[in-house]
Engineer: 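I'd like to ask some things about the structure below.
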Protein chains: 4
Amino acid sequence: MSLSPDILAQLDAQAIEVPSWAYGNSGTRFRVFGTPGTPRTPFEKVSDAAQVNKLTALAPTVALHIPWDRVDNFADLRKHAEDEGIRLGTINSNTFQDEAYKLGSLTHSDPAVRQKAIDHHFECIDVMNATGVTDLKIWLADGTNYPGQADIRSRQDRLAESLATIYERLGDDHRMLLEYKFFEPAFYHTDVPDWGTSYAHTSALGEKAQVVLDTGHHAPGTNIEFIVAQLLRLGKLGAFDFNSRFYADDDLIVGAADPYQLFRIMYEVIRGGALDPESGVAFVLDQCHNIEEKIPGQIRSVITVQEMTARALLVDRTALTIAQEAGDVLGANQIFIDAFYTDVRPDLAAWRERRGLPADPIAAYTASGYQEKINAERAGGTQASWGA
Amino acid sequence: MSLSPDILAQLDAQAIEVPSWAYGNSGTRFRVFGTPGTPRTPFEKVSDAAQVNKLTALAPTVALHIPWDRVDNFADLRKHAEDEGIRLGTINSNTFQDEAYKLGSLTHSDPAVRQKAIDHHFECIDVMNATGVTDLKIWLADGTNYPGQADIRSRQDRLAESLATIYERLGDDHRMLLEYKFFEPAFYHTDVPDWGTSYAHTSALGEKAQVVLDTGHHAPGTNIEFIVAQLLRLGKLGAFDFNSRFYADDDLIVGAADPYQLFRIMYEVIRGGALDPESGVAFVLDQCHNIEEKIPGQIRSVITVQEMTARALLVDRTALTIAQEAGDVLGANQIFIDAFYTDVRPDLAAWRERRGLPADPIAAYTASGYQEKINAERAGGTQASWGA
Amino acid sequence: MSLSPDILAQLDAQAIEVPSWAYGNSGTRFRVFGTPGTPRTPFEKVSDAAQVNKLTALAPTVALHIPWDRVDNFADLRKHAEDEGIRLGTINSNTFQDEAYKLGSLTHSDPAVRQKAIDHHFECIDVMNATGVTDLKIWLADGTNYPGQADIRSRQDRLAESLATIYERLGDDHRMLLEYKFFEPAFYHTDVPDWGTSYAHTSALGEKAQVVLDTGHHAPGTNIEFIVAQLLRLGKLGAFDFNSRFYADDDLIVGAADPYQLFRIMYEVIRGGALDPESGVAFVLDQCHNIEEKIPGQIRSVITVQEMTARALLVDRTALTIAQEAGDVLGANQIFIDAFYTDVRPDLAAWRERRGLPADPIAAYTASGYQEKINAERAGGTQASWGA
Amino acid sequence: MSLSPDILAQLDAQAIEVPSWAYGNSGTRFRVFGTPGTPRTPFEKVSDAAQVNKLTALAPTVALHIPWDRVDNFADLRKHAEDEGIRLGTINSNTFQDEAYKLGSLTHSDPAVRQKAIDHHFECIDVMNATGVTDLKIWLADGTNYPGQADIRSRQDRLAESLATIYERLGDDHRMLLEYKFFEPAFYHTDVPDWGTSYAHTSALGEKAQVVLDTGHHAPGTNIEFIVAQLLRLGKLGAFDFNSRFYADDDLIVGAADPYQLFRIMYEVIRGGALDPESGVAFVLDQCHNIEEKIPGQIRSVITVQEMTARALLVDRTALTIAQEAGDVLGANQIFIDAFYTDVRPDLAAWRERRGLPADPIAAYTASGYQEKINAERAGGTQASWGA
């Protein structure tokens with residue numbers, strides 16, 4: 001099998017957003033290791049993000065995180081991105097690093113803390129207006145570490161109220177994307193722990209509220225592609241956060257832990273119509289490059305998503321449906337996995353070359369001298385990380 | 001702390017339904033061990049179930065499973081139950097043992113199989129009408145073992161359609177209770193794997209459809225009491241299936257694996273108003289006594305639920321709220337767990353004695369001679385099990 | 001990359017044992033579905049197993065399970081296998097289906113039960129002597145369902161004693177292979193739950209005792225290839241039981257759940273020298289074909305193991321070592337996964353054709369008429385399953 | 001049941017070591033929240049640790065972590081501890097925070113990095129000699145994040161060699177305690193991931209090497225008390241690190257997540273003779289008080305271990321053995337759990353009062369004014385945390 005013109009056309013339209021924080025340092029509670037060339041400012045992060053798109057044509061936008069990416073003038077940052085050939089993307093709020101949020105933010109029992117967290121989201125909406133971005137992504141660290149520490153039910157009620165207040169402030173073309181996460185940093189209960197909770201809240205809020213599925217935010221053994229299929233069926237899948245994990249929320253490179261799972265997810269994306277840019281489903285990386293090189297790590301990630309999309313597009317759906325309806329368990333599975341086992345890398349290298357891109361983007365990055373340049377240029381200052 | 005009159009009044013109203021199948025044999029795929037005295041007929045199962053209530057006054061109803069408990073005349077079975085001092089309870093459907101359901105039932109791609117499964121539910125509704133039972137519980141084994149084996153999305157659509165057809169047939173006072181389960185017997189995907197899926201379907205169906213939470217049907221690490229709180233908040237918790245597990249759906253005696261988890265669940269039940277019989281939330285055992293004695297196992301189970309309810313009622317909610325709102329993490333947790341550590345067993349023994357019940361129901365059962373009697377009487381015939 | 005002569009030579013030597021029970025019916029506690037053509041006798045099972053080897057040249061031996069495969073004259077069964085072109089393989093004991101073993105076998109507190117279980121292993125050794133088989137595989141279902149049910153420590157001591165008694169009886173060229181399993185059918189504790197326990201016992205027993213690694217018998221998230229590497233380093237890996245799982249011990253077709261994991265396992269096999277037939281490491285399937293066709297399921301399985309072995313052999317170990325020692329995290333991982341993504345299927349089809357085998361063994365099986373023949377011939381009698 | 005003189009005598013001898021780092025700040029990768037009064041120096045940590053012992057008589061020693069607790073003169077620190085009424089305890093090495101250890105320490109492919117890590121352990125042994133401490137605890141963060149990143153097998157070989165070099169340097173009365181951990185901070189493979197690996201290495205090293213069991217370092221569903229029983233049987237359990245977890249290595253207060261599990265662990269401790277101070281098994285807390293008060297959190301922890309020990313001592317082992325050997329599954333489990341459900345808190349409050357300790361140590365701490373004092377005194381400087 002090789003990639004048909006129809007498949008290539010679908011791949012032409014694919015876009016994967018990269019996160020500004022992937023270019024800064026990250027780590028575990030045990031240690032954050034630094035790396036040469038790490039950006040010190042949002043402008044430098046945007047420049048790094050742009051390298052990914054230059055070499056792959058897959059990553060036209062970069063997600064921002066407030067306050068990590070707060071700048072004096074967002075119009076300048078927007079212009080900088082455009083000069084680099086990309087656009088600013090999703091605005092991510094942050095209510096987990098201020099001292100006030102130690103015991104919660106939008107769910108906190110103290111109305112003053114809730115208002116502070118709501119105001120932060122208003123600021124994010126202001127940034128959206130200043131940058132022309134339409135997606136506001138909310139991931140909450142809210143939760144508790146000990147049974148009895150707080151009242152689970154009241155926190156849900158307060159969450160609903162806080163979200164409704166933020167929702168009211170959204171512009172006509174804005175979306176609120178509510179992410180769920182199984183655990184961490186809270187270790188007993190999390191206020192938005194599963195897709196059901198995010199679905200219940202976003203359903204109550206209205207059409208502009210949608211669910212975010214982060215592939216690393218599930219209990220062991222969870223069938224993620226089922227959730228993809230279900231949320232698409234319910235019309236509530238707003239965005240993906242892509243990464244991979246063996247244990248918890250490891251935030252490794254997408255596809256690095258279980259490539260076949262990524263294939264199955266992409267198959268349900270296609271099956272549910274979400275590869276169509278009109279679907280409104282956003283595909284975003286959310287990863288940490290704790291020990292590996294950051295820009296090459298991002299390049300690898302977008303290429304992997306593209307490769308797996310191509311494999312999933314290769315599934316012979318007509319034959320598959322026939323086998324499925326005949327109850328041919330082995331035959332249907334064989335058709336399905338045959339597409340996964342097909343090597344699409346040469347075809348995609350050719351796709352890149354036809355577009356004037358390097359066949360091997362990582363080799364091209366290495367050869368470009370960009371890394372050496374930033375290693376030299378970014379000598380002083382404070383390297384960006386989750387904390388700043 | 002001892003149990004106040006107010007707490008005792010709430011305990012007076014508590015009722016826990018026992019399942020007819022707990023009195024038959026059960027086991028694993030490796031072996032079903034038989035035991036002396038195992039019932040051969042639904043009538044004998046009902047008699048055994050009645051022993052639990054006689055000794056504890058906690059188990060006034062017994063759930064039936066169709067076709068395992070199919071009888072020629074359900075009025076006779078109903079009268080037999082009433083003669084034994086109990087009533088018939090929830091009707092459970094079964095679409096996992098007929099050859100036709102090998103690849104699905106309400107979700108099957110073949111309309112004839114779906115109709116057969118729908119018809120089975122119509123039969124269950126007929127049984128409800130014949131017995132005066134109002135709850136229809138649906139647990140589906142539907143799912144697949146291999147990726148690609150079937151189309152996940154189409155199965156959801158067919159499930160919605162099948163459920164709607166059954167829902168239409170419900171009587172005015174009937175309820176449809178839709179259970180979810182993480183995995184087993186399907187090993188790749190399950191059509192109703194989580195509370196979110198059951199919630200989405202029951203919400204679409206209407207007010208007579210509710211979710212069933214089986215405490216053994218979750219991924220490792222799932223915070224079950226959160227789901228309890230959430231479903232009560234959403235008005236969609238119809239019933240519990242109680243049991244306990246260390247690994248998968250072990251179906252052990254409730255509270256046997258993690259008694260503190262049961263305490264936390266009962267706390268959210270109370271917090272959410274579901275201990276009130278008017279709430280409509282049903283408390284049902286769903287257990288397998290693979291190697292232990294069955295009737296004593298059931299007695300132990302209902303007593304454990306009662307004990308844990310009493311402990312949860314002992315939580316000083318006023319003090320707890322003060323500590324929670326003060327952000328006193330340790331203090332709030334201490335108030336909470338102090339109730340769990342309180343020994344309520346003597347007070348509950350006294351509660352039983354005041355009602356003319358034995359202080360130690362298991363000792364009383366042993367002394368009653370009932371087991372010896374059934375061991376002797378039930379010599380021939382085929383012992384009931386999941387298969388018959 | 002294509003398969004070099006050196007790689008092909010290694011593949012030539014590969015042998016995967018198939019289990020007699022895979023050709024009988026299996027299922028879950030909820031239901032065992034039957035299939036047309038299922039064998040009724042060990043002779044018929046051996047005939048079915050032989051089909052796999054005829055079409056793939058990968059499966060020259062078939063494992064037996066006592067008492068399921070007990071025959072009056074094992075010399076006859078041996079001759080039957082040889083007539084079919086294969087040999088009898090590992091003898092598997094069974095101490096989980098007799099009523100006596102309800103609470104344990106080699107670990108039971110009653111010496112009479114332990115002796116019965118020991119005697120059963122003596123019978124297995126007799127079968128080994130009668131059939132020329134050298135491997136005795138012991139998987140124990142022993143464990144408990146409830147805390148306090150039995151004394152964990154005493155059971156270990158009795159296990160050690162029972163195993164030593166059996167070990168004494170082994171012939172000079174015999175091996176005892178001790179399998180471990182995380183859970184099931186016991187739900188609280190299992191007497192041989194992890195590789196550490198099997199390692200401690202087999203180390204104490206001596207050189208003829210080795211560990212069996214069943215790929216489905218681990219806790220969620222366990223890094224199985226690490227255990228492979230560790231056991232090979234310690235000289236204690238005796239055999240693999242291959243299958244795959246999403247949740248518990250699902251016993252699905254090997255590679256069906258996580259093909260990349262199988263690749264990583266095969267890489268450590270090669271890295272540790274265990275692909276060499278002289279290593280003594282046995283590769284055995286242990287699967288259940290609950291809903292799919294059995295013989296094609298087995299064919300698929302051995303081909304998948306071969307394909308994944310070929311991919312693992314493609315890893316450029318020289319380049320990998322250079323990247324590893326340079327600390328090039330991404331580069332090393334890329335070299336590793338590049339081999340996985342290489343499509344070896346055409347080369348292996350050619351390998352088969354060169355050996356006079358069908359390029360597509362499953363299509364050849366379908367075309368052979370064998371299934372229709374057994375469907376017709378095996379009309380009466382009792383289909384083999386785990387129970388018989 | 002109340003606590004007999006024999007049980008009280010055993011409790012009199014119980015000692016639980018507290019970790020110096022529990023008094024410093026800790027957190028997650030998302031945020032480390034500070035608290036008033038947090039120590040700035042090892043001397044202040046020791047003073048805080050001493051409060052726990054003053055109020056409970058349960059915590060006579062404090063574990064140190066090098067380099068976090070490096071001081072100019074360890075004799076001064078030792079004297080300070082003695083002045084505060086406690087002693088210095090286990091020396092913990094740290095090879096995870098230096099830039100050199102980014103890709104490993106004792107397992108690193110670069111001999112210079114390994115030597116640096118070995119030298120660090122030599123320094124720890126020097127500290128042991130300077131302080132009179134006999135236990136060296138090694139927890140390694142070594143591992144990899146991506147398949148292929150490093151050679152798993154070579155790392156085991158290098159680990160064995162590095163450990164042997166350190167072992168050589170141990171004094172006659174020294175012990176090396178090797179901790180294992182399922183995952184984190186490495187996300188693909190960990191070099192000492194399970195008890196089997198720690199057992200294999202410590203067995204090869206010799207009698208002075210033992211295994212450390214951290215209760216939070218296992219895969220989901222692992223039966224920890226089995227490992228306790230097994231390691232005691234093998235004579236290789238050197239120490240516990242106590243804490244509790246719902247998901248990963250949450251490092252919550254011991255007993256906070258699953259008190260019944262702690263009970264079962266303490267039962268196996270007693271069963272295996274490890275409560276006897278002569279057994280050499282050390283009981284150490286290893287917790288993080290991310291959001292709760294630190295000194296009260298530690299007080300609570302040691303009291304919980306004492307309470308659970310008392311409950312486990314209440315198990316009627318004679319009756320239990322009779323029920324176990326009779327195959328009375330329910331009866332044995334009832335005897336076991338009855339001890340857990342017994343409220344020992346009043347008896348232990350009386351035990352404290354008889355020893356001149358406060359009945360309620362946490363209330364006494366609050367009343368003592370110590371927290372207000374340190375809040376005021378420790379105004380400047382840098383609060384201690386994992387990083388310093």
Side-chain angles (χ1 to χ4, degrees), chain C residues 102-103 109-110 144-154 156-157 182-183 188-191 193-200 203 218-223 225-227 229-230 232-234 260 263-264 267-268 271-272 315 320-321 323-325 327-330 332-337 340, chain D residues 102-103 109-110 144-154 156-157 182-183 188-191 193-200 203 218-223 225-227 229-230 232-234 260 263-264 267-268 271-272 315 320-321 323-325 327-330 332-337 340:
Chain C
K102 186 173 181 175
L103 303 179
S109 61
D110 181 345
T144 59
N145 278 3
Y146 292 98
Q149 176 190 328
D151 189 60
I152 290 173
R153 166 67 176 271
S154 305
Q156 285 299 309
D157 294 335
F182 185 51
F183 85 102
Y188 162 59
H189 110 275
T190 294
D191 289 298
D194 51 25
W195 78 264
T197 296
S198 184
Y199 171 68
S203 294
H218 302 86
T222 300
N223 184 322
E225 56 270 27
F226 175 88
I227 300 175
Q230 183 70 280
L232 287 172
R233 176 179 172 270
L234 296 167
Y260 186 43
F263 170 82
R264 300 191 308 263
Y267 178 79
E268 291 301 331
R271 167 67 180 86
V315 172
L320 183 62
T321 300
Q324 288 173 341
E325 299 196 348
D328 180 3
V329 175
L330 276 178
N333 174 248
Q334 187 75 59
I335 290 164
F336 190 76
I337 205 167
F340 173 68
Chain D
K102 186 172 181 175
L103 302 179
S109 62
D110 181 346
T144 59
N145 278 4
Y146 292 98
Q149 176 189 328
D151 189 58
I152 290 173
R153 166 68 176 271
S154 305
Q156 285 298 309
D157 295 335
F182 184 52
F183 85 101
Y188 162 58
H189 110 276
T190 294
D191 289 297
D194 51 25
W195 78 264
T197 296
S198 184
Y199 171 68
S203 294
H218 302 87
T222 301
N223 185 322
E225 55 270 28
F226 175 87
I227 300 175
Q230 183 69 280
L232 286 172
R233 176 179 172 271
L234 296 167
Y260 186 42
F263 170 82
R264 300 193 306 264
Y267 178 79
E268 291 301 331
R271 168 67 181 86
V315 172
L320 182 63
T321 300
Q324 288 172 342
E325 299 196 348
D328 180 3
V329 174
L330 275 178
N333 174 248
Q334 187 74 59
I335 290 164
F336 190 76
I337 205 167
F340 173 68

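By convention in this document, chain letters (A, B, ...) are assigned in the order of the sequence lines, proteins followed by strands, and residues within each chain are numbered from 1. Excluded from the calculations below are hydrogen atoms, water molecules and symmetry mates; all remaining heavy atoms, backbone and side chain alike, are included.
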Engineer: Between atom CH2 of C:Trp195 and atom CD of C:Gln230, what is the distance when rounded to the nearest 0.5 Å?
Structural biologist: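 One finds 4.5 Å between CH2 of C:Trp195 and CD of C:Gln230.
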Engineer: Given heavy-atom pairs under 4.5 angstrom as the criterion, report whether the side chain, backbone, both or neither of D:Asn223 touches chain C.
Structural biologist: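 Just its side chain gets close to chain C.
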Engineer: Determine the minimum heavy-atom distance between D:Gly148 and C:Ala332, stating which atoms define it.
Structural biologist: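 Reported closest heavy-atom pair: O-CB, 3.4 Å.
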Engineer: With sequence neighbours excluded, tell me which residues meet salt bridge (charged side-chain N to carboxylate O under 4.0 Å, His left out) with C:Asp110.
Structural biologist: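 With sequence neighbours excluded, C:Asp110 shows a salt bridge (charged side-chain N to carboxylate O under 4.0 Å, His left out) to no residue whatsoever.
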Engineer: Who passes side chain to side chain contact (heavy atoms under 4.5 Å, CB included) against D:Pro147, sequence neighbours left out?
Structural biologist: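 Testing D:Pro147 for side chain to side chain contact (heavy atoms under 4.5 Å, CB included), a comparison that skips the adjacent residues, returns A:Phe246, C:Tyr260, C:Arg264, C:Asn333, C:Phe336, D:Tyr188.
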Engineer: Taking all heavy atoms of C:Ile152 and all of D:Glu225, pick out the closest pair and write down the distance.
Structural biologist: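 Where C:Ile152 meets D:Glu225 most closely, the heavy atoms are CD1-CG, 4.5 Å.
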Engineer: Against chain D, work out which of C:Ala219, C:Gly327, C:Pro220, C:Ser109 has the most heavy-atom pairs shorter than 4.5 Å and name it.
Structural biologist: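 So the answer, after comparing C:Ala219, C:Gly327, C:Pro220, C:Ser109, is C:Pro220.
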Engineer: For D:Gln156, which atoms come within 4.5 Å of any heavy atom of chain C: side chain, backbone, both, or neither?
Structural biologist: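 For D:Gln156, heavy atoms of backbone and side chain both lie under 4.5 Å from chain C.
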Engineer: Do you know which of D:Gly221, D:Gly196, D:Ser154, D:Ala323 has the most heavy-atom pairs under 4.5 Å to chain C?
Structural biologist: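 Most pairs with chain C among the choices: D:Gly196.
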Engineer: Given heavy-atom pairs under 4.5 angstrom as the criterion, report whether the side chain, backbone, both or neither of C:Asp157 touches chain D.
Structural biologist: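 Both the backbone and the side chain of C:Asp157 come within 4.5 Å of chain D.
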Engineer: Can you tell me how far OH of C:Tyr146 sits from NE2 of C:His189, rounded to the nearest 0.5 angstrom?
Structural biologist: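 Nearest 0.5 Å value for the NE2-OH distance: 15.0 Å.
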Engineer: What part of C:Tyr199 gets closer than 4.5 Å to chain D, counting heavy atoms only: side chain, backbone, both or neither?
Structural biologist: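 Contact with chain D: side chain only.
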Engineer: Between chain D and each of C:Ala200, C:Ser198, C:Ser203, count heavy-atom pairs under 4.5 Å; write down the option with the most.
Structural biologist: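 Ranked by contacts with chain D, first place is C:Ala200.
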Engineer: Between CG of D:Asp191 and OG1 of D:Thr144, what distance do you get to the nearest 0.5 Å?
Structural biologist: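 The OG1 atom of D:Thr144 is 7.5 Å from CG of D:Asp191, to the nearest 0.5 Å.
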Engineer: What part of C:Gln334 gets within 4.5 angstrom of chain D, counting heavy atoms only: side chain, backbone, both, or neither?
Structural biologist: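 Looking at C:Gln334, nothing touches chain D.
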Engineer: Chain D heavy atoms under 4.5 Å from C:Asp151: which part of the residue, side chain, backbone, both or neither?
Structural biologist: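 C:Asp151 touches chain D through backbone and side-chain heavy atoms alike.
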Engineer: With chain D, which of C:Ile337, C:Asp194, C:Thr197, C:Leu320 has the greatest number of heavy-atom pairs at distances under 4.5 Å?
Structural biologist: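 Ranked by contacts with chain D, first place is C:Thr197.
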Engineer: Between atom CD1 of D:Ile227 and atom CZ of D:Arg233, what is the distance when rounded to the nearest 0.5 Å?
Structural biologist: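 Atom-to-atom, D:Ile227:CD1 and D:Arg233:CZ are 14.5 Å apart.
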Engineer: Measure D:Thr190 against the heavy atoms of chain C and call it side chain, backbone, both or neither at under 4.5 Å.
Structural biologist: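 Just its backbone gets close to chain C.
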